[in-house]
Asker: 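One structure coming up, written as structure tokens, with questions to follow.
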Amino acid sequence: MDPNQSKENAGGPVQNKPNLFNFLIIGVIITFALNIFMGSMTAGSKMQIEYGQFIQLVESGVVKQVQIGEDRIALTLKGDNDGNAVRNILRLDNAATTNRSILPSLSQGDQIFYTGRVEDPLLTNRLLEREVAFFRPIIQSNPILTFISNWVFPLLIFYLLYTFIMQKFAGTMSGGLGGMLNVGKSKAKFYDMEKNTGVTFNDVAGQDEAKESLIELVDFLQSPEKYRKIGAKQPKGALLVGPPGTGKTLLAKAVAGEAKVPFFSLSGSEFVEMFVGIGASRVRDLFAQAAKHSPCIIFIDEIDAIGKSRDNQIGGNDEREQTLNQLLSEMDGFDSSKSILILAATNRPEILDKALLRPGRFDRRVIVDKPDLPGREAILAVHGKKVTLGTNVDMKEISRSTSGATGADLANMVNEAALRAVRMERAEVLQEDLMEAVEVVIAGKEKKDRILNPKEKRMVAFHEVGHALASALQKNAQPVTKITIVPRTMGALGYTMNVPEEERYLMTKSELLARITTLLSGRAAEEIEFGEESTGASNDIEQATKLARSIVTQYGMSNKFGMMGLESPSNQYLDGRPVFTASDVSSAGVDEEIARIIRECHETALSLLRENRAKLTEIAEYLIAHESINGVQFMDFLS
Ligand code: ADP
Ligand code: MG
Ligand code: ZN
């Protein structure tokens, strides 16, 4: 928790309470005043008399004037009457104590009597006859009152409603509207700050490649002068890409721990809230805080929640866009002398907005993949240290049976095993606890995540080695740098990585065909080894078909059509999909050509692998045992 956060809240929404209260009181007072004012118009008529008595008074000529109201008639007596006539009519004798107080005024002409109004058509005539002045008071519309009731009251009510609603939401808001209401300074903490994470790279097992690229960033934070002196700009951000549970958060913390700098962390999804402008102001707050603590690290988890690509969207999300823009401008804004490093994590880098990936922003990408066999062993060793292990524990065996498990899964397994040991009332964790825990964790995950069973693992191994061998055996293909059968979340069960030795701008027909052959030899290897086909080749087939199609329609390399252009890449900049420009007959012909190319390449792949069946088996067995092979090891097999 950041101390400065709470300071800002000292004068927060609490101020609104007295406001609301004051307005309620003022409202009540105004109502009272109005009532008193209205009431005063009928004041003075103090004693009720019968209608008959009223008529008698009029007839006897003591009445000076009559005020006819909505439901009552008030009368004023003549000042010069002797009072006796009145007394007689009203049967008020001198001894009547109750009404004594009004008697002195009987002769003073006050309106001291009133009577209920009765439907009396003769009344006007009677009054005219006796020359009694009579009138009906017009309730004057007082301009001030009108103004109050038409304008002030409604406004007051809206204002009160507004204050009330704003207070309700104030808790979820931060920054933004500000102004006289002072809403928007939120109590809600949206980021964490750790002065020292206490995590080092030693706590992160495996992930050597990721660590390597992050070590440089640690150096940036520790000795910025070194870079400044030579005029080098420090990188501002790095994107950690990998499936959940592989240790992205852990790695980010380790960078902070190694550099001994504060660690600000927040989650992208928490940023995006109901009110437009809030996310953006949060970004501002965050960077302001970070600047005070520089050098430091800001870690944004799930950045895809804010950084989603802005194109391909109907309508779009204003809030997210504003937040993203604010983030971009903050990243551009702070000068690199501030030494703020922004790390972000995502498992869906492909949906990120291009603007985030531009130089000066998250231009570095650190892949944090699921661990392979040695990686799992290392992770198990790290977490095994935290519990008391029995002598019979063999972590190698555990790591062999957990292909596809992430670091988080493995940490969880060790903990499950320890819990089981306690249930069994043992003081140490035995191998059986671990094996049992593997079952529990894998069974819980199997549906969601791929963890390969041994048969699948074999099939994937042969498939991948098929690709790699075909690639290595063809003179026009690209060299292999890595083969792995650790399942990925991105769809592929394993992969073979080919990296071209030099950057290429042109490809020859034979290179294209070699590429197709390589793509098809995964399936070919399955056919040779198992005599059966699996679904694992679908992506290969898609890519191979695309290439074959381009050969025919765009590169003019087919015998059937020659150099005829059949497709134009006209909307390449929109979705990159070429448009077919020739006739339907040609279209059928293109399909035939594609099928022929694919068939021929498939044949090549099959014969290549059949000739090298021994190597195929040898490398595949090694891969099954080790899960990944790098380029050098692979070439050793071939030489
Ligand atoms: P992510 O952020 O990628 O989803 P985390 O960093 O939150 O994953 O990892 C969750 C937990 O899994 C960590 O706290 C740690 O205990 C364990 N873990 C994950 N990867 C590793 C690793 N490479 N070495 C050691 N522990 C790991
Ligand atoms: Mg995480
Ligand atoms: Zn394949």
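Side-chain atoms are counted along with the backbone in the values below, which use heavy atoms only and exclude waters and symmetry mates.
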Asker: Is there a side-chain contact between Phe220 and Leu341, using heavy atoms and a 4.5 Å cut-off?
Answerer: no
Asker: To the nearest 0.5 angstrom, please state how far the OG1 atom of Thr535 sits from the CE atom of Met459.
Answerer: 8.5 Å
Asker: Using salt bridge (Lys or Arg N to Asp or Glu O under 4.0 Å) as the criterion, list what pairs up with Asp203, not counting sequence neighbours.
Answerer: none
Asker: Does the pair Met507 and Tyr555 meet the rule for a side-chain contact (heavy atoms from CB on, under 4.5 Å), with working shown?
Answerer: CA-CA 10 Å; Met507 277 183 100; Tyr555 305 143; over 6 Å; no
Asker: So, the side chain of Lys211 versus the backbone of Val204: is there a donor-acceptor pair under 3.5 Å, distance only?
Answerer: yes
Asker: Does either side chain, that of Thr406 or that of Asp409, offer a donor lying less than 3.5 Å from an acceptor on the other one?
Answerer: yes
Asker: Got Leu434 and Met413 here, is their nearest side-chain heavy-atom distance under 4.5 Å?
Answerer: no
Asker: Can you name the closest pair of heavy atoms from Leu373 and Ser399 and give their distance?
Answerer: CD1-O, 3.4 Å
Asker: For a 4.5 angstrom cut-off between non-hydrogen side-chain atoms, does Ser213 reach Arg364?
Answerer: no
Asker: Closest heavy-atom contact between Glu456 and Asn453?
Answerer: N-OD1, 2.8 Å
Asker: Are any non-hydrogen side-chain atoms of Val199 and Phe263 less than 4.5 angstrom apart?
Answerer: no
Asker: Nearest 0.5 Å, please: how far is CG in Asn612 from CG in Leu638?
Answerer: 8.0 Å
Asker: Quick one about Ser583 and Ser586 (side-chain donor to acceptor, distance below 3.5 Å, no hydrogens or angles considered), yes or no?
Answerer: yes
Asker: Enumerate donor-acceptor pairs with a distance under 3.5 Å from any side-chain N or O in residues 241-258 to protein atoms, sequence neighbours excluded.
Answerer:
unit_1: Thr246; atom_1: OG1; unit_2: Pro243; atom_2: O; d: 2.7
unit_1: Thr246; atom_1: OG1; unit_2: Val368; atom_2: O; d: 3.4
unit_1: Lys248; atom_1: NZ; unit_2: Gly242; atom_2: O; d: 3.0
unit_1: Lys248; atom_1: NZ; unit_2: Pro243; atom_2: O; d: 2.9
unit_1: Glu258; atom_1: OE2; unit_2: Phe201; atom_2: N; d: 2.8

Asker: At what distance, to the nearest 0.5 angstrom, does CG of Asn347 lie from CD of Glu302?
Answerer: 8.5 Å
Asker: Can you tell me how far the CZ atom of Arg549 sits from the OG atom of Ser558, to the nearest 0.5 Å?
Answerer: 12.0 Å
Asker: Please list, chain by chain and in numerical order, all residues satisfying salt bridge (Lys or Arg N to Asp or Glu O under 4.0 Å) with Asp219, sequence neighbours excluded.
Answerer: Lys226
Asker: Just do the side-chain contact (heavy atoms from CB on, under 4.5 Å) check on Ile516 and Leu512 with the steps written out, would you?
Answerer: CA-CA 6 Å; Ile516 295 176; Leu512 287 170; 5.5 Å; no
Asker: Within a reach of under 6.0 Å around CD of Gln543, are more than 12 heavy atoms found that belong to other residues, nucleotides or ligands?
Answerer: yes
Asker: Can you find a side-chain donor-acceptor pair between Glu428 and Thr388 that sits under 3.5 Å?
Answerer: no
Asker: Mind checking what makes salt bridge (Lys or Arg N to Asp or Glu O under 4.0 Å) contact with Glu542, not counting sequence neighbours?
Answerer: none
Asker: Which heavy-atom pair separates Val387 from Ala418 by the least distance, and what is that distance?
Answerer: CG1-CB, 3.9 Å
Asker: Would you say the side chain of Phe299 lies within less than 4.5 Å of the side chain of Leu240, judging by non-hydrogen atoms?
Answerer: yes
Asker: Considering residues at least two apart in sequence or located in another chain, which fulfil the salt bridge (Lys or Arg N to Asp or Glu O under 4.0 Å) criterion with Glu377?
Answerer: Lys396
Asker: Between His467 and His463, how do the two ring planes meet: parallel, tilted or perpendicular, split at 30° and 60°?
Answerer: perpendicular
Asker: What is the distance from atom CG of Leu352 to atom OG1 of Thr346, rounded to the nearest 0.5 Å?
Answerer: 5.0 Å
Asker: Are Arg426 and Asp433 packed together at the side-chain level, in the sense that at least one heavy-atom pair is separated by less than 4.5 angstrom?
Answerer: yes
Asker: Just checking Asp584: does its CG atom have more than 12 heavy atoms from other residues, nucleotides or ligands closer to it than 6.0 angstrom?
Answerer: no
Asker: Side-chain contact, heavy-atom cut-off 4.5 Å: Ile342 with Leu327?
Answerer: no
Asker: Kindly determine whether Glu529 and Arg458 satisfy side-chain contact (heavy atoms from CB on, under 4.5 Å), including the steps that lead there.
Answerer: CA-CA 10 Å; Glu529 179 65 24; Arg458 271 193 85 75; 4.2 Å; yes
Asker: Start with the C-alpha distance between Glu436 and Arg423, add both sets of side-chain angles, then the distance that settles salt bridge (charged side-chain N to carboxylate O under 4.0 Å, His left out), and finish with yes or no.
Answerer: CA-CA 13 Å; Glu436 184 71 29; Arg423 268 203 303 279; over 6 Å; no
Asker: Classify the ring geometry between Phe462 and Phe530 as parallel (under 30°), tilted (30 to 60°) or perpendicular (over 60°).
Answerer: perpendicular
Asker: Taking salt bridge (Lys or Arg N to Asp or Glu O under 4.0 Å) as the criterion, tell me which of Glu621, Glu627, Glu464 meets it with Lys457.
Answerer: Glu627
Asker: With rounding to the nearest 0.5 angstrom, report the SG to CD distance, Cys296 to Glu194.
Answerer: 13.0 Å
Asker: Go through Glu209 and Ile367 one step at a time and tell me if the side-chain contact (heavy atoms from CB on, under 4.5 Å) criterion holds.
Answerer: CA-CA 8 Å; Glu209 285 156 46; Ile367 307 290; over 6 Å; no
Asker: Tell me which one of Lys546, Glu593, Met557 satisfies side chain to side chain contact (heavy atoms under 4.5 Å, CB included) with Ile551.
Answerer: Met557
Asker: Check whether any side-chain heavy atom of Leu410 sits under 4.5 Å from a side-chain heavy atom of Arg376, and report yes or no.
Answerer: yes
Asker: Can you see which heavy atom on Ala620 is nearest to which on Ala461, and at what distance?
Answerer: O-CB, 4.0 Å
Asker: For Glu216 and Tyr227, which heavy atoms make the closest approach, and how far apart are they?
Answerer: O-OH, 4.3 Å
Asker: Within the side chain of Glu526, is there an N or O that forms a donor-acceptor pair under 3.5 Å with the backbone of Ser534?
Answerer: yes
Asker: So which atom in Leu609 and which in Leu469 form the shortest heavy-atom distance, rounded to 0.1 Å?
Answerer: CD2-CB, 3.9 Å
Asker: Extract all donor-acceptor atom pairs below 3.5 Å that involve side chains of residues 598-607 and protein atoms in other chains or at least two apart in sequence.
Answerer:
unit_1: Glu600; atom_1: OE2; unit_2: Arg596; atom_2: NH1; d: 2.9
unit_1: His602; atom_1: NE2; unit_2: Glu527; atom_2: OE1; d: 2.8
unit_1: Thr604; atom_1: OG1; unit_2: Glu600; atom_2: O; d: 2.8
unit_1: Ser607; atom_1: OG; unit_2: Glu603; atom_2: O; d: 3.3
unit_1: Ser607; atom_1: OG; unit_2: Thr604; atom_2: O; d: 3.0

Asker: Answer yes or no: does atom CD of Glu618 have more than 12 heavy-atom neighbours from other residues, nucleotides or ligands under 6.0 Å?
Answerer: yes
